[in-house]
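Working notes for the structure below.
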Amino acid sequence: MAITGGDTARSVPSGGKYQMTVEEFKSWLMKFDADRDGRISQKELRQAIRNCGGWFSGWKSSRGFGEADVDGSGFIDEQEIDLLLDFAETSMGFKFYY
C-alpha cells in the first residue's frame, strides 16, 4: 500500500509506518487542502486519513483536530500543522525522520 496525494508517495515498509520527513508530511497534507486556502479543515483531514488507509477516519479526524486546532478557528493553519505530528505518528501510521 502507498499513500498518495501529489509528489509525495511512500510505500509502507515492513514496520507498518509511512516514512517521510516532516516537510514531506506537511507538503502531502496540504495536497488535501481542497479550497486552497492554506488551512486544513476537519473534512480535509478526514480525507487525508482515508487516503492512508486509516480506519475510523471520522473519529480520528475529530481527535487530531482537537489536538491541533488550538486557536479554535475550525481550521488547522500552517503554525498548527506541527501539532499534528504526534497524532500522525500515533494514529495515522507515520514515522518521521530528520
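Just so it is clear, the structure is predicted and the values come from calculations on it, not from any experiment.
Scored by the side chain to side chain donor-acceptor pair (under 3.5 Å) test, Gln42 finds Ser62 as partners (sequence neighbours excluded). Asp82 is linked by a salt bridge (Lys or Arg N to Asp or Glu O under 4.0 Å) to Lys26, counting only residues two or more places apart in sequence or in another chain. Legend: residues meeting side chain to side chain donor-acceptor pair (under 3.5 Å) with Asp77, ordered by chain and number and at least two apart, are absent. Contacts of Asp37 classified as side chain to side chain donor-acceptor pair (under 3.5 Å), with partners at least two apart in sequence or in another chain: Arg39. Residues passing the salt bridge (Lys or Arg N to Asp or Glu O under 4.0 Å) test with Glu78: none are found, sequence neighbours excluded.
Under a 4.5 Å side-chain heavy-atom cut-off, the cluster of Ile, Leu, Val, Met, Phe, Trp and Tyr residues that includes Leu83 is completed by Val70.
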- request: Test Phe75 against Ile40 for side-chain contact (heavy atoms from CB on, under 4.5 Å), laying out the working first.
  value: CA-CA 5 Å; Phe75 295 93; Ile40 298 295; over 6 Å; no
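Counting only residues at least two apart or on different chains, no salt bridge (Lys or Arg N to Asp or Glu O under 4.0 Å) pair has a member in residues 84-95.
Atom CG of Leu45 is separated from atom CG of Asp33 by 12.0 Å, given to the nearest 0.5 angstrom. The structure places CD1 of Ile76 at 4.0 Å from CG of Leu84, a figure rounded to the nearest 0.5 Å. Here the straight-line distance linking atom CD of Glu44 with atom CE of Met30 works out to 8.0 Å at 0.5 Å rounding.
For the residue pair Ala48 and Trp28, the shortest heavy atom distance occurs at O-CH2, 3.5 Å. When every heavy atom of Phe65 is checked against every heavy atom of Ser41, the shortest pair comes out as CE1-C, 3.4 Å.
Ring geometry for Tyr18 against Phe94 counts as tilted: the plane angle lies between 30° and 60°, on a 0 to 90° scale.
None of Met20, Glu23, Glu24 except one satisfies the side-chain contact (heavy atoms from CB on, under 4.5 Å) rule with Phe96; the exception is Met20.
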